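Worksheet: one structure, shown below.
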Amino acid sequence: MTEFELIQIYFQQDQSADWLSVPIGDDGAVISAESNQQIIVTDTLVEDVHFFAGTAPNAIGHKALAVNLSDLAAMGATPKWFTLNLTLPEASESWVKTFAEGLFALAKAHNIVLIGGDTTRGPLSISITAAGTVPVGTKPLTRDAAQVGGRVGLIGSLGLAAQAVSARQQGQEPTSQQAQALDFPIPQVEAGLALQGLATAACDVSDGLLADLGHIAKASKVVIELDGDRLARICPAQTQASAEATLSGGDDYALVFVMPLGQAVPNWATDIGQVKAGMAKTGMAKQPVAVLGGPEWLQQAAKNVQLAPGHQHF
Ligand code: ADP
Ligand code: MG
């Protein structure tokens, strides 16, 4: 099967949209941009770095798009279109077919349209660029907009994906719930849209809760204090290992956000802490994110995580 046949059969699906006048098949796609703010995100998944070799192709297709939808959700954007750069070791039709099934099941669920891409031979890697929109006059959710006194909210579960990774690294089978969290993460697109006009700052949790809240704290020049008792309640088990997975485990694609001063976290999310004024530069090192109170096993986990932060590529 040639590259062109693969593209034609599996990617050039019925992807009509009134704003797409030239779809896949020409040298470039033609879209008419509306008078919206365009949010552009991109993410690459590389075999043996971002997923285990042998991961089911439909899971890879799902996840490659899910991680981009999660970034769009964290900006409060409505998904619109994406491009797909696929590097394959061989033109395996059955692999591509199953990959496309996972990819398009999620794409259809979120009404996002594949408008183009590139297909090359090489070590397995999937790179997606996606675009979403935010109406003019609405502020996208950014990392730098946390206000002192604002409550911190969480949507989605934490720690299950990291538990699946450590099980597989030890040659064990993760539970089906853990495997599902790692292989088929659910991007919080609706929640991101609901947070528009409600929250000020947001970030998705791809590298670990403390690391990603640290991004908000640093960008907003504030400190975030998490409530240890509340965190203990969302740990999958009441153990230090489970707390470490909750605080530093990557790959969860939950959403964290900050409410304006004086407003409660909505009841469909979990309140986990609050924003405090950042320390002036006195030379004293202060953690951007602290865990206050809570059980001993959680405190110990927080200490370990602060010493060895979440996932870093380099
Ligand atoms: P060119 O050689 O001009 O770059 P290609 O042969 O790479 O064109 O691609 C032909 C068409 O197929 C283009 O419209 C391109 O966007 C699309 N395409 C190629 N690979 C993919 C893919 N993996 N997913 C979606 N569209 C693709
Ligand atoms: Mg090309």
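When a ligand or atom number is given, it counts from 1 through the structure's own listing order. Since the structure is predicted, the reported quantities are computational estimates derived from the model, not experimental observations.
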**Asked** Between the side chains of Glu93 and Tyr10, does any donor sit under 3.5 Å from an acceptor?
**Response** yes
**Asked** Using a distance-only test with no angle check, is there a side-chain donor-acceptor pair under 3.5 angstrom linking Ser70 and Asp204?
**Response** yes
**Partner residues of Arg233 under the side chain to side chain donor-acceptor pair (under 3.5 Å) criterion, sequence neighbours left out** = none
[X] heavy atoms, cut-off 4.0 Å: which ligand 1 atoms fall inside?
X     : answer
Asp27 : 3 (O)
Ile24 : 12 (O), 14 (O), 17 (C), 25 (C), 26 (N)
Leu84 : 22 (C), 23 (N), 24 (N)
Phe4  : 6 (O)

**Prompt:** Thinking salt bridges, do Glu244 and Lys303 make one under a 4.0 Å N-O criterion?
**Reply:** no
**Asked** For atom 16 (O) of ligand 1, which candidate among Gly117, Ala29, Gly25 provides the closest heavy atom?
**Response** Gly117
**Message:** If we set the cut-off at 4.0 Å for heavy atoms, which region of Asp26 has an atom near ligand 1: side chain, backbone, both, or neither?
**Reply:** backbone
**Set of residues satisfying side-chain contact (heavy atoms from CB on, under 4.5 Å) with respect to Thr2, sequence neighbours excluded** = Phe4, Glu5
